[in-house]
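Read through the structure below, which is laid out as structure tokens, and then see the notes.
To find a chain, count down the sequence lines: A is the first, B the second, and so on, and within it residues start at 1.
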Amino acid sequence: MIKKLRILCTLLILLMLVGNTIPVFAQDYYFSVERELVDVFVNEDGSLSVEYVMDIKNQPGGHIVDYVDIGLPNNNYVLSSITADIDGNVITDISKSDYVDIGVAVGLGQNAIQPGDKGTLHVFVGTINKSIYPSDVKAQENYASFEFTPSFFGSQYISGNTDITVTLYLPIGLTSDEPRYHIPQSWPGQDEPETGFDSAGGIYYRWHSPDANVYSEYKFGASFPARVIPETQIVTQPSISFNTDAICPVLMCLGFLGFFVLTIYSATVGAKKRKLKYLPPKISLEGHGIKRGLTAVEAAILMEQPMDKILTMILFSTLKKEAAQVVTKEPLKIKSVTPLPGNLQAYEIQFLTAMSQEGKEKKLALQTAMIDLVDSVSKKMKGFSRKESVDYYKDIVEKAWLQVEASETPEVKSQKFEENMDWTMLDKKYDDRTRDTFGTGPVTLPNWWWRYDPAVRPSTFGGGGGGGGGGVQASPVQIGGSGKTTISLPNLPGADFAASITNGVQSFAAGVVGDVSGFTGAITNKTNPIPKTTGGRSVGGGSRGGGSSCACACACAGCACACAGGGR
Amino acid sequence: MKVNPWWKSLQQKSNLKIPSAGIYHFVNQTENNKNRVHLRVEQDGAGLLMINAARAYHLNPSATSMAFWSLSGNKESEIVHSLKKLFQVDHLNASSDTTNFLDSFNKIIDPAEQCPICELDLDIDLPFSHTPTAPYRMDLAITYRCNNDCTHCYNARNRQFPELSTNEWYRIIDKLWDLGIPHLVFTGGEPTLRSDLPNLITYAEKKGQITGINTNGRKLADRSFLNSLVDAGLDHIQITLESSDPEIHDQMVNRTGAWQQTISGIRNAVSEKIYFMTNTTMLATNVETIPQTLDLLAELMVPTVGLNALIYSGKGKNVGTGLEEKDLSNLLEIAKKKTNLNNQKIIWYTPTEYCNFNPISNDLGVKGCTAALYNMCIEPDGSVLPCQSYYQSLGNILSDSWVSIWDHSLSRQLRERNNLPTKCNNCDLVNECGGGCPLIHITEEAF
């Protein structure tokens, strides 16, 4: 047993030394223990109790103090007897330590001590059996004794000195001249302890030094007549001889080593032994969060909606802005107003220009418009989080639907539907949700719908006939006092309206875009070309900055330098 | 024939360990491309992944271990096995997480990928929100001697400032590597005036660091000297050209004939297979020639053009030729158009007050002060500065502990942006802006 204890000591010390060889980083543990109280009780039943109170101050930049591992002298401790708290908050995470061969781990949990913060840790180990050893004190009766070393840490983790008080409480029933203290080893304070009787009538020895530290290995001990504890608690294995020069000359103890180590393990050591808590792998970089302020069409690009749908959205937006009207739906032909309204987006102007052309020219111009739109969105997204932005716009879509669905009357519902249509169209289940929302109930067509559907157009607006209106008739034209033309539009069942949107997208695809995959491919080949390889070295200070259409954050802080080498 | 028993493979799988704190260097080489990857593992298991010392990614502990194992050549199955062994995760999650992780990770480290971020749904953290344990880049001002004498130079030291020996610089490079700093830029003064520059480059490169120089380029007019740097392993060069007009350039650097040598240096550097860029300080003195200067740089086939404003330090404090921040937009708009047209990259360096000039809305990316955060500077005598223009020593790298330097009150103040003007208090852009260059707000007595 003694041998085992010695091995344990050696192992623990070696572990410390391993820690010492690791290069020290700023986020190593780096803390001070401003005050440490250590009480060791020899109970009447011969067991030991140990109590630690430590005022720990985690230094700014230090690693978070999250676990404290307490080495114990043997496996005869009672786990359920151990209690702990941090700043008065009870700690429930006390378990067998994976770090020390014999000992317990105290998890501070959400009360872990953050860098720059302080915490008072209190640990009480209630019962440790068989920790007393025979002593070779020459006396008329047998003596027993114990020694221990309180907490110590790798010096590289420690800042400053510690005010340490160590008290050994001996069993009740001794007279003042019977027990013996051992001269402490390596102790910066006085060898001779303060002594007296505690409130229970037991003798105590107390050593105190304000100039101690928690990285030195101090050793304290005492001997006392064995009769005051049960014989069964005294370990009768071969013992370790102490350097007698270090012990009170009158005693000549046949010592033993009861070795307590309280240590906060470095992550380096701990990582090798503890099965770590798992969080899914995460890669992040620095940049902006959400890119707000995109139009619905731009958001559609961001959300990678189908090109034909995006083109339909642009078409609708130009119609809403009274910039054009559909002449025929199949094939889709539109006519722009002259001059164009001033509130058009660049992509809307490009779209209208493209749509004024014919055949291949039209298709190519639309592709160019879409390439420019993708580039424009990419530039707007530079440095912003695509993921967070997509989530943000998905949320807008959902809120748009909720506004529609929460409307209590068909009229209000239709009004909200029209107001939010830009965004609800981004919903991949737009058709289904429109049907679900309106069912067989009516949707009052948007007041610009006549610009899209020649079938509901009043005769005063001219344009071609035909198209796919399904025979819906428009109400009579009303001329407002402002001179602006308004029209009362008919209702459609929700399902039919949804179908008309879908048909619109499809007819755009069939009549203008043609093969959607080919059309989209021609765009993505420009906006996301396959990288060309180069023979040159590409290392060094920065494939970053402007000049590209990349939407990524590579010009952001994540690229490490804001003023690398500037200013010369 | 020797046959490995089946359990051998299991033994191999179980040998993977969580990487110890430190920095690891990997070279990613394909037939036509190459990049260098640094993985800095912190004590808490989190990691910093740097690609070519230019793009920085932050990894949580599980991602750090997976990255390390992958970069070390382990197979997906081995990574899954190790995850289960070392982390509290079941097979199903370990397996799917590994597949997803490697999908993104392999794109990030692919040497052929110029910038994979567009394709990846990575989490974006606030700018400057990660506080590392050491900067990503250390500028080594190995000498303050200079063969130019720029009228706007930010150098605030005597040109005869004491210099460390080659061996002392080796020790510094050792220490920086141990701190996990993957990127060194030799600067000055004029770094090419130190004859041991090739030795220092070789020493750092052998350790695994990426090296670059900031120079006026005059000595690079000597082809053999440039070759000695390239042969030493130098990764990137930045040459300062102030104007396309020789007279203006020479006037600004206060040396007749300097322009000719600098242009020769640029021509030589462009012809090397090395990352190369120029830098131009936009001042009242040269502002009229900025368009022409950009044209010249395009003609010289300079791939990347850097621009910056006056740094208010050294002679720069009193030169009086600095441009108003609000006047920068038009100039940079011209620069963007020209570089776009010429298929060049543009890098804008100067941290400005966003209320005067917002680099984000000008499509120049987030620019803020990164002194004592992502970069620092070591002076010729070993003193550590927050950045190469902020002449207040935080301690000496050879004699003081890193913790005392990194946690110096000034380091923390700059890093945490504690002394911002009151007008910044309620600004939405304060995270990105950080109040611009701190030097602008510093009083004379601070130095």
Y347(A) and T295(A) side chains, donor-acceptor separation under 3.5 Å: yes
Side chain / backbone / both / neither for L59(B) at chain A, heavy atoms under 4.5 Å: both
Residue, of S129(B), S96(B), G212(B), C437(B), that accumulates the most heavy atom pairs under 4.5 Å with chain A: S129(B)
Engaged part of E31(B) at the chain A interface, taking heavy atoms whose separation is under 4.5 Å: neither
N/O donor-acceptor pair under 3.5 Å between T98(B) side chain and A94(B) backbone: yes
Under 3.5 Å: donor-acceptor pair, side chain of Q305(A), backbone of I310(A): no
Donor + acceptor pair across side chains of D97(B), Y278(A) (<3.5 Å): yes
